[in-house]
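Note sheet for the following structure.
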Number of protein chains: 4
Amino acid sequence: MVVHDRLLDYYNQVRQQTVALTKGLSAEDLTVQSMPDASPGKWHLAHTSWFFETFILQKFMSQFQWFNQDYCYLFNSYYDTVGARHARPQRGLLTRPSLDEVLNYRQHVDAHMREVLTDRAEEVEALVTIGLHHEMQHQELFLTDVLHMLSHNPMHPAIISNNNEVLSQSASTMNMLSFDGGVIEVGALTEGDNTWQGFSYDCEQPRHKTLLQPFKLASRLVNNAEWIAFIEDGGYDDSLLWLSDGWARKNQEQWQAPLYWRKLESKWYQYGLNGLRELDSTAPVCHVSYYEAEAFARWQGKRLPREHEWELAAHNKKITGNFLEANRWRPQPSAPNSESFSDIYGDVWEWTQSAFSPYPGFDPKQGALGEYNGKFMSNQYVLKGGSCATPSWQMRASYRNFFYPHQRWQFTGVRLAEDI
Amino acid sequence: MVVHDRLLDYYNQVRQQTVALTKGLSAEDLTVQSMPDASPGKWHLAHTSWFFETFILQKFMSQFQWFNQDYCYLFNSYYDTVGARHARPQRGLLTRPSLDEVLNYRQHVDAHMREVLTDRAEEVEALVTIGLHHEMQHQELFLTDVLHMLSHNPMHPAIISNNNEVLSQSASTMNMLSFDGGVIEVGALTEGDNTWQGFSYDCEQPRHKTLLQPFKLASRLVNNAEWIAFIEDGGYDDSLLWLSDGWARKNQEQWQAPLYWRKLESKWYQYGLNGLRELDSTAPVCHVSYYEAEAFARWQGKRLPREHEWELAAHNKKITGNFLEANRWRPQPSAPNSESFSDIYGDVWEWTQSAFSPYPGFDPKQGALGEYNGKFMSNQYVLKGGSCATPSWQMRASYRNFFYPHQRWQFTGVRLAEDI
Amino acid sequence: MVVHDRLLDYYNQVRQQTVALTKGLSAEDLTVQSMPDASPGKWHLAHTSWFFETFILQKFMSQFQWFNQDYCYLFNSYYDTVGARHARPQRGLLTRPSLDEVLNYRQHVDAHMREVLTDRAEEVEALVTIGLHHEMQHQELFLTDVLHMLSHNPMHPAIISNNNEVLSQSASTMNMLSFDGGVIEVGALTEGDNTWQGFSYDCEQPRHKTLLQPFKLASRLVNNAEWIAFIEDGGYDDSLLWLSDGWARKNQEQWQAPLYWRKLESKWYQYGLNGLRELDSTAPVCHVSYYEAEAFARWQGKRLPREHEWELAAHNKKITGNFLEANRWRPQPSAPNSESFSDIYGDVWEWTQSAFSPYPGFDPKQGALGEYNGKFMSNQYVLKGGSCATPSWQMRASYRNFFYPHQRWQFTGVRLAEDI
Amino acid sequence: MVVHDRLLDYYNQVRQQTVALTKGLSAEDLTVQSMPDASPGKWHLAHTSWFFETFILQKFMSQFQWFNQDYCYLFNSYYDTVGARHARPQRGLLTRPSLDEVLNYRQHVDAHMREVLTDRAEEVEALVTIGLHHEMQHQELFLTDVLHMLSHNPMHPAIISNNNEVLSQSASTMNMLSFDGGVIEVGALTEGDNTWQGFSYDCEQPRHKTLLQPFKLASRLVNNAEWIAFIEDGGYDDSLLWLSDGWARKNQEQWQAPLYWRKLESKWYQYGLNGLRELDSTAPVCHVSYYEAEAFARWQGKRLPREHEWELAAHNKKITGNFLEANRWRPQPSAPNSESFSDIYGDVWEWTQSAFSPYPGFDPKQGALGEYNGKFMSNQYVLKGGSCATPSWQMRASYRNFFYPHQRWQFTGVRLAEDI
């Protein structure tokens with residue numbers, strides 16, 4: 001019973017959270033796809049439901065029938081073993097099913113999932129847990145994808161209010177805090193624990209030892225004022241600061257500032273889900289690629305952290321911060337004069353210089369769910385700490401997010417490090 | 001008063017016809033763009049209203065104010081002289097304004113246009129006339145663009161019913177009818193006539209003499225059964241039948257049949273606005289490119305008509321046929337055993353071998369409206385006769401439609417010709 | 001015997017002319033390919049020999065053996081019916097056979113062709129004639145392709161001397177000469193005449209009547225000074241002057257002047273086979289696309305000629321001018337104060353507004369040689385009159401050259417026309 | 001004096017080795033570029049000389065003058081700080097300077113370098129050392145680039161003889177050898193040692209400790225017979241075996257076998273510098289991408305080694321094997337029945353699963369030479385051990401070669417590893 005009540009409660013909260021994100025968005029907003037990397041909001045709503053229908057209801061529901069056989073094809077993502085699927089760049093062509101039909105689909109799945117969670121909670125706990133974590137990942141993508149799509153609208157639509165905020169006045173000092181390094185343990189605290197409490201992804205396992213040299217880590221994130229200084233110092237025009245691939249990409253895509261920055265009459269603005277607003281100089285810089293982050297660090301005579309340096313620094317910190325549930329969906333300035341770390345969790349994902357690669361002893365799970373993370377282990381970089389669009393339940397020190405070094409539409413920022 | 005009543009009536013009919021086309025389509029359906037060549041339905045609804053607001057209301061309405069200044073940017077198409085505009089391939093990213101706002105915009109424009117048409121009909125007749133012809137062109141594009149977008153949906157949505165039609169059983173005979181040629185007059189009957197009755201586009205002018213050799217023209221359009229024979233004879237695999245550019249395009253886009261044809265278990269189907277239906281063997285072939293049409297004609301030992309051959313054959317024919325107002329929006333089989341021409345108007349646009357180029361004495365109009373046709377006079381071919389998606393008011397023997405030889409999403413078909 | 005002597009003489013002259021073009025060029029120069037449209041010089045040398053080996057020696061030579069079986073694959077161009085062929089964009093990867101081997105191949109073919117021409121001249125006259133005309137076309141391409149390749153070399157290599165020329169001082173007046181039009185005969189004077197004297201290409205046939213309206217044609221070509229005026233008046237930046245496709249291409253390829261023009265310290269230079277030289281203001285403008293030519297004409301309030309207007313004006317003019325045999329390989333200023341036409345032949349190919357399309361009654365020849373011209377009848381424009389790289393034997397009033405409207409690496413220029 | 005004699009001797013040997021590689025190649029062979037990743041042979045000959053002229057002669061030669069000022073532009077590679085440079089993909093358009101001129105340039109540089117090496121050896125030792133190592137890297141690229149270019153020739157040219165080799169009959173057993181792991185030292189043995197003996201690249205530094213888990217490493221390389229088994233088991237068609245990026249690339253480039261493999265009448269052949277030869281089943285597989293290597297390892301239930309696992313296994317092995325100096329330029333079968341490692345050095349570069357990233361404490365050198373390795377630290381993987389085209393002087397356990405995971409034109413192969 002305990003499992004049942006608890007899991008059902010988690011299930012209800014996560015699923016409701018997803019739908020709550022659609023507030024202020026029209027069926028049109030949720031249908032359009034702005035680039036192959038991003039999916040329409042409606043697709044996220046449907047795909048996360050398809051996950052439960054396919055991997056749980058199909059097996060555990062009595063007298064199972066597909067809600068709509070076509071959805072198996074339309075809302076499969078990259079699970080090749082589950083069958084053919086609609087091509088990713090064409091997700092935005094699905095004007096049908098309508099938003100209403102997709103919301104009905106969610107309710108159908110939820111009703112039957114509640115039955116299964118009532119009757120067979122222990123059997124399905126592991127699968128439901130992974131399903132809810134999967135859904136939380138899509139909550140973040142829902143926001144970043146909607147933001148990317150709306151950013152193309154010259155009318156700069158806002159879907160959340162600005163909450164009468166005043167722009168902050170003074171930034172906290174950035175201190176470089178020292179760490180000894182040595183042999184430390186990293187990775188998921190538990191392995192093979194399929195409970196909600198013990199959940200971690202395959203790529204965080206197994207927990208293992210690694211050796212770190214002494215290093216320093218910045219007490220706070222790089223902020224917008226510092227980024228403007230980088231721009232004004234010609235940072236985007238000095239090839240010596242950039243990785244070769246980064247320089248090529250910068251030129252190809254003509255980057256001159258972070259994504260969503262706009263310069264109007266010599267003043268910088270930033271587009272966000274609250275519309276086009278004057279840039280807050282003390283807020284963490286956001287929507288920068290790995291290449292930009294890396295160039296900025298070199299410009300500062302520093303470097304990006306390694307993933308396990310970050311993990312060491314964060315491992316005993318409380319998991320609190322500006323997460324999705326705060327409904328701000330944009331990074332906030334650090335508290336001024338913080339003595340030690342600030343922003344270590346939430347606000348922006350922090351690029352590390354660690355390539356996303358398998359841990360020693362990594363064993364990709366077999367079957368459809370096992371396609372999950374191992375297949376992405378090339379050309380991507382690990383990011384740590386979560387962002388203002390990350391559900392807090394997802395977060396832990398061992399969590400490894402990963403994106404390509406040119407990608408900018410996630411809430412990604414920079415914490416500096418250096419060797420001692 | 002006469003001008004006023006008549007024009008107002010035309011205005012009302014054309015504008016209502018446009019909105020009537022949205023029946024059965026959702027806001028989602030009308031927002032998405034499936035390729036750069038095609039525009040979202042919502043964009044067509046707004047752009048045609050922008051035309052009246054910009055070229056008429058702005059000048060003739062008392063106490064004019066823009067409905068929404070942003071729309072000038074969003075819904076301008078290619079009128080460079082009128083100002084900057086939203087990039088064409090990004091029209092599908094405009095989830096806002098919503099469909100409701102666009103329909104309000106139409107009502108706003110209509111209300112003020114009715115005032116102007118009541119008060120100043122004579123002054124605006126020429127502009128209103130061109131505006132309505134422009135809107136009728138967009139009615140056809142509305143249908144072809146929606147069809148193209150929906151064709152990407154694996155669920156094969158139908159937006160019109162099939163009307164319980166039976167597939168026709170017997171095709172009419174294709175006869176090659178002889179014409180003497182000689183010096184004939186071609187082009188618009190009137191020039192500089194800005195009335196509704198006298199309207200023609202700049203590219204149809206001036207009326208002039210041309211010399212034709214004797215020729216034959218087929219009594220009816222090529223039908224689907226004949227096209228299947230072409231396919232089965234290896235027509236898509238024999239480079240000798242194809243223009244060099246056509247062969248390259250066919251290979252690049254992997255054409256093996258007309259657009260929207262699907263082969264399921266060795267039977268041919270065609271997707272249309274009435275869904276996926278078994279192919280009607282006696283209906284005119286549709287959605288073929290110039291390249292395919294030209295290859296088919298060569299396979300038959302024949303050729304495509306010249307635009308003025310077609311014009312000669314059609315010039316005294318009644319303008320009647322399967323047009324947009326029939327609400328069928330797909331080509332219909334010819335009446336069997338027709339003695340002379342059938343389908344000369346309506347059903348499908350007929351590719352001619354004539355490049356779209358200026359008539360002797362062609363004088364492109366100055367200013368924004370003058371950007372209209374002359375700038376497209378390269379690389380495109382003339383099509384004649386109108387289609388099942390063409391408003392009948394648009395049609396006349398001198399009408400020159402034009403598309404690129406690789407384009408297939410219009411209702412385009414084939415009538416054969418040969419030299420004598 | 002007459003046929004034999006005459007044909008052999010033509011054969012020897014044309015074949016030697018080709019080899020003579022290699023003077024001053026290294027094996028390296030003749031191997032590299034600078035774009036898919038252009039072929040390496042070595043390829044031209046080999047392909048023209050392959051033509052004689054395949055279409056004549058194979059059939060008429062006693063005890064025929066292939067010189068090298070691989071060459072059939074390597075040096076076939078677009079004759080699909082003759083077998084598989086090396087992909088055009090990869091011609092520049094053929095470092096082997098070496099230039100020496102290709103020159104040996106030419107000698108081998110020539111030795112055997114001379115035998116055939118001695119023994120069986122009447123039988124092969126038609127084929128040899130077409131082979132030599134084909135070779136003359138490749139002579140021109142040889143020069144334009146070598147020029148294009150060398151133009152990428154920052155050292156501006158010259159392969160011919162400048163002949164101590166002085167830049168001309170005064171341009172002749174451009175007069176607009178009037179023509180009555182009417183029904184005229186156009187096309188090849190003879191048809192089905194396979195002798196050297198009677199030769200014409202399939203696309204020039206059949207001779208037929210056409211009707212022209214009255215028109216004017218400029219007495220001389222547009223010159224460089226006039227083109228500079230166009231540039232300085234913002235011609236490359238005014239979208240109203242350009243065809244829609246032309247404007248897109250111009251932006252894509254960032255044209256700001258004709259190909260091979262370079263501006264160094266506010267002075268214009270032109271790269272040519274004689275190196276980088278100061279621009280001669282009175283020489284005909286050269287290396288402009290159809291799109292540029294068309295925009296220039298509109299800027300002048302004029303238009304480009306139709307192909308048959310040009311043909312009418314030229315039909316009784318002597319075929320003399322600055323052709324390939326003059327070994328200048330760049331256009332020359334017109335004689336000042338010419339009363340009537342100048343430059344009608346030679347110097348630069350003159351763009352016409354006529355799409356390259358079949359004449360009434362056009363019947364493409366069957367078989368491999370028949371693949372020749374008909375398959376290119378889409379998207380290209382007719383050019384008239386020959387250039388400084390055209391062998392004079394090729395020229396006649398009915399000759400129809402054709403290129404795509406964006407192409408600029410041929411010696412292409414502009415003569416203006418207008419309606420009366 | 002010791003420095004002088006020794007360095008001069010190294011200089012002479014390395015420089016002569018480069019020129020010796022041109023044997024059997026024509027000026028044409030050395031001019032053409034087959035893809036942007038590869039450079040023409042002539043370019044390598046010139047660029048390596050430009051390096052000495054720019055970084056040494058310019059500073060240390062008395063009365064220095066540029067051999068040819070244009071060469072600074074033409075033969076600079078990626079040293080942005082040294083000035084503008086010719087675009088990499090256009091290196092193949094440089095038919096001039098000729099091969100003879102480039103060889104003269106080499107002699108000019110060599111003559112003056114010998115003077116400098118005689119007079120000022122100690123001052124230039126560090127620079128000469130890096131210059132010679134740089135040149136040795138280009139020796140390998142010279143061979144791989146020439147091979148890639150010649151592979152496009154349908155005549156399959158051979159530039160070295162096959163040496164009457166018999167294909168080997170029996171493969172050695174592949175044993176998985178165990179290692180304990182633990183904290184080990186990796187990286188260059190010396191740091192800041194600029195002598196010939198102490199040389200290492202910046203990216204190998206600093207030497208530092210790392211922690212390895214226990215692992216196994218295969219006693220020999222994967223061979224061609226094993227790769228055929230992978231192909232025949234559907235390895236190229238099973239998405240579950242592939243990284244997501246690898247699967248996309250495989251489909252895009254239509255890989256069905258290693259680069260240079262050809263299947264003729266159901267038998268496998270391999271193109272190499274000795275021409276097209278029947279595949280040697282016991283030779284190491286070569287010319288596979290990281291993606292293929294990784295998929296193969298997964299198919300085997302194993303994985304690729306980490307760079308430091310390889311380094312641990314190799315660190316006390318003698319540096320001997322099938323290197324460039326053997327003049328075989330293709331991998332050789334392992335000795336059968338080897339007890340421990342074979343092929344650890346030479347034959348093929350071994351892909352590791354380690355991303356090319358900076359070592360802890362890495363400090364990129366300042367200035368032009370410092371642009372060297374740090375800027376490539378993204379998206380590439382480390383390869384170890386050298387190949388049949390690597391000069392043996394270059395090799396050491398800490399050497400980190402790096403290429404993109406899709407690249408196949410280097411001599412790259414596979415050694416398997418697994419966790420214990």
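Throughout, a chain's letter reflects where its sequence line sits, starting with A, and its residues are numbered from 1.
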All heavy atoms of C:H86 vs all of D:H152, minimum pair found to be CE1-O, 3.9 Å
Ranking D:P157, D:S26, D:S34, D:P154 by heavy-atom pairs under 4.5 Å to chain C gives rank one to D:P154
Whatever's closer than 4.5 Å to a heavy atom in chain C on D:L74 counts as side chain
Within a strict 4.5 Å, meaning less than it, do heavy atoms of the C:T31 and D:T95 side chains meet?
no
ask   = When you look at C:L93 and D:N153, which way does the side-chain contact (heavy atoms from CB on, under 4.5 Å) test go after all the steps?
value = CA-CA 7 Å; C:L93 297 178; D:N153 196 310; over 6 Å; no
Applying a strict 4.5 Å limit to non-hydrogen atoms, the region of D:L25 in contact with chain C is both
When the 4.5 angstrom heavy-atom criterion is applied to D:D29 and chain C, the contacting part is both
I'd like to know whether NZ of C:K59 has more than 12 heavy-atom contacts from other residues, nucleotides or ligands below 6.0 angstrom. no
Output for pair (C:H156 NE2, D:D70 CG), nearest 0.5 Å, gives 8.5 Å
Correct closest heavy-atom pair for D:R96 and C:G24 would be NH2-O, 3.0 Å
In this structure, CE of D:M155 is separated from OH of C:Y71 (nearest 0.5 Å) by 6.0 Å
Check whether more than 12 heavy atoms from other residues, nucleotides or ligands sit under 6.0 Å from atom CD of D:Q252, and answer yes or no. yes
